[in-house]
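To start, the structure itself, in structure tokens.
Within every chain, numbering begins at 1; the chains are lettered A, B, ... in the order of the sequence lines, protein sequences first and strands thereafter.
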There are 2 protein chains.
Amino acid sequence: MVTLAQVARHAGVSPSTVSYVLSGKRSISEATRRRVEQSIAELGYHPHAGARALASSRSHVIALMIPLRTDIYVPVMMDIAISITTTARRHGHDVLLLTSEEGPSAVKRVAGSGLADAMILMDVELADERIPLLRQTGSVAALIGLPADTSGLSCVDLDFEAAGVLAADHLADLGHREVALIGAPETVYRRHTGFAERTLAGFRRRAAERGMAHLHRPCGGSHEATAGTLSRILEERPGTTGFVVQNEAAVPHLLGLLRQAGRAVPEDASVLAICPDDVAVHSSPQLTSVSIPAEEMGRRAVELVMAQLAGEDTTGLILLAPTLTARGSSGPAPHPA
Amino acid sequence: MVTLAQVARHAGVSPSTVSYVLSGKRSISEATRRRVEQSIAELGYHPHAGARALASSRSHVIALMIPLRTDIYVPVMMDIAISITTTARRHGHDVLLLTSEEGPSAVKRVAGSGLADAMILMDVELADERIPLLRQTGSVAALIGLPADTSGLSCVDLDFEAAGVLAADHLADLGHREVALIGAPETVYRRHTGFAERTLAGFRRRAAERGMAHLHRPCGGSHEATAGTLSRILEERPGTTGFVVQNEAAVPHLLGLLRQAGRAVPEDASVLAICPDDVAVHSSPQLTSVSIPAEEMGRRAVELVMAQLAGEDTTGLILLAPTLTARGSSGPAPHPA
DNA sequence: GTGAAAGCGCTAACAA
DNA sequence: TTGTTAGCGCTTTCAC
């Protein structure tokens, strides 16, 4: 291991000078800075993370708590995790991965061990057990998703309620009179993950306001679950011409089923998905969609904790405005036969 | 922050005693152990990770390098990452997440900073740039996937060549005479990620040995790419009745396309996927598949590095034997019309 | 079976 | 603009 002391000796300066060159916390003459940087490069020096953390009480690590579940769309989580990691690196931080297997006590462990300077929580439930611990330990944190009580917390999320509204409006604008929301698996609603309920609320409200008959059905990700959900919807309300899907795993199945049922998209039925853009463009026809901005959500979460570490108060909600991109899967409602 | 010294004072023992209670590196009387553990619990003590790393030169962290790409099946990666994290915790270690965005130099940074005691690399390419650095820094590491030169390395992977053989045999046993392998996206082959090429090699060899006409086509994950691939296969060899798919994103599309083309599965065409079990059981019909044991791959990788940290030599390959589970999507070859 | 004390490599006063 | 030095909280030898 190359140490800071060795760099100092090699450059003919004191250890503190090397430290300050690295941290930029005091001004250094151009000449010595050069020599130090030269020595660092020549010796291949990297500061010892533990020593640095011990001396400065800053680990330069952000803990990311991801869910173990696989019933929510995994690629979105992965995109968020990647976005968090690359953004964190850009701020000189690394990311420690924690799974919910460890339970809420992971919060205590991280807070008590100096393992991380901040935490980012994903898959936040309305009554999330980790939140009291967050408050109690006074941890720097950002949440992706909204709990019931957000007081004192910094949260980022897509404005799913607005997404529901946007979806309903799009279908209403196209003249649809009977619409259905094919949602997340039932387990997601049962554990009160906010996003699903908020989408539903927005969709219902606006559908009612626009005078559309509307239905909502949770849906699993398998082909059979999708088939069952679709057939139950069409049984209950055969005139349904507009479908909103908030379950990306069901998307390809739904398109296949409609095709098979002889319902052409978008001529006979419009499909609108709430999903990442790449899912939308990889379908056929390409899907009109409200995109889930995974990259931005991850980035914003990191920016929130970095701001807090810099002393700012970031308490509050960042609700990203949803955007709808019309692609080939939605069109004017067919005239009743 | 509660420190070890405070625990010692509270328990009326010396700091070293507390340390030894924690590490178990020397025998402690039952009485003092109890008192110390009591104090630890009462004060809510957690050892400071940085201090411990500094003093012991062991961070108790494993670095996990994941790819940024999204052209290989993301859920498998996620399952592996989760398996690694939970297994690592079981061994008292945490996981640091690194993306390939940082490039091969991430290896140098981790090795030089004491950030992690070991590294696990995913998405290993045949000529992976990180490997020379691994050798050069003498890092403790495990690879998930096989590079061209595995000398001195510890690797885990599914035996994809055997998987290809197994797939070919299954179709041959069912009497199929013309078969096709619908593979990973072309980019995967171009960057020489070993698994795709190894599957292909095994499949080709055994198909030839069993006297089956065989075709191989790379395939993107979109509906259109799948449709194009399928139609080109059927154009070139209309009598194809057996399909092996090594691209999970294409699976639902392929099933939809076959259905649409009036080819019943498994009566008219057999489909065999190389994919995780849950993808296979969520399709309709459920897919005969060679499973990708993500959980085991992650767990084995952690066990490899833990063994190395304990001083064992784990050099060598662990090739997990593939298992084929017959489900509803494969059956006897139809009699030629 | 237990304690005392010397660092581990770095940061950040304090001094100059 | 730079150097000196006292810790940060833990592990681990050495001593009893």
Side-chain angles (χ1 to χ4, degrees), chain A residues 1-37 39-40 43-61 92 94 109-117 309, chain B residues 1-37 39-40 43-61 92 94 109-117 309:
Chain A
M1 271 235 31
V2 184
T3 70
L4 178 147
Q6 293 175 327
V7 173
R9 220 169 303 132
H10 187 270
V13 298
S14 77
S16 61
T17 298
V18 177
S19 176
Y20 285 117
V21 166
L22 256 49
S23 69
K25 287 189 181 170
R26 78 181 182 193
S27 47
I28 304 281
S29 74
E30 198 47 35
T32 50
R33 147 168 292 118
R34 280 214 194 301
R35 265 185 310 137
V36 170
E37 279 166 351
S39 299
I40 288 175
L43 301 181
Y45 168 74
H46 289 274
H48 184 103
R52 192 221 278 256
L54 178 57
S56 67
S57 326
R58 274 254 187 284
S59 62
H60 294 269
V61 166
D94 277 291
R109 190 170 67 89
V110 169
S113 66
L115 256 176
D117 300 331
L309 291 174
Chain B
M1 270 234 35
V2 183
T3 70
L4 178 146
Q6 293 174 327
V7 173
R9 220 169 302 133
H10 186 270
V13 298
S14 75
S16 61
T17 297
V18 177
S19 176
Y20 284 118
V21 166
L22 256 49
S23 69
K25 287 188 181 171
R26 81 178 181 194
S27 46
I28 304 281
S29 73
E30 198 46 35
T32 50
R33 145 168 295 117
R34 280 215 195 302
R35 266 186 308 135
V36 169
E37 279 166 352
S39 299
I40 288 176
L43 301 180
Y45 169 75
H46 288 276
H48 183 105
R52 190 223 279 259
L54 178 57
S56 67
S57 324
R58 275 250 189 285
S59 62
H60 294 270
V61 166
D94 277 291
R109 189 169 69 88
V110 170
S113 65
L115 255 176
D117 299 332
L309 290 174

If we ignore hydrogens and angles and just use 3.5 Å, is the side chain of A:Ser59 paired with the main-chain N or O of A:Leu115 as donor and acceptor?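 Yes; at least one donor-acceptor contact below 3.5 Å.
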Check: B:Glu37 side chain, B:Arg34 main-chain N or O, donor-acceptor pair, under 3.5 Å: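 Answer holds: no.
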[X] side, atom [atom1]; [Y] side, atom [atom2] - distance, nearest 0.5 Å:
X	Y	atom1	atom2	answer
B:Leu22	B:Ile40	CG	CD1	4.5 Å
A:Met1	A:His46	CE	NE2	9.5 Å
B:Arg52	A:Ser113	CZ	OG	9.0 Å
A:Gln6	A:Thr3	CD	OG1	4.0 Å
B:Asp117	B:Asp94	CG	CG	11.0 Å

Range on DNA chain D touched by chain A - first to last nucleotide, heavy-atom distance under 4.0 Å: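 The footprint of chain A covers D:dT1 to D:dG9.
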Working note: B:Ser16 + B:Ser19, criterion side-chain hydrogen bond (donor to acceptor under 3.5 Å, both in side chains); need CA distance, chi angles, decisive distance, verdict. CA-CA 5 Å; B:Ser16 61; B:Ser19 176; over 6 Å; no
Base versus backbone protein contacts along nucleotides 8-14 of chain C [heavy-atom cut-off under 4.0 Å; B, S, -]: BBBSBBB
Base, sugar-phosphate, or nothing for A:Thr32, non-hydrogen atoms under 4.0 angstrom?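 Sugar-phosphate, backbone atoms only, no base.
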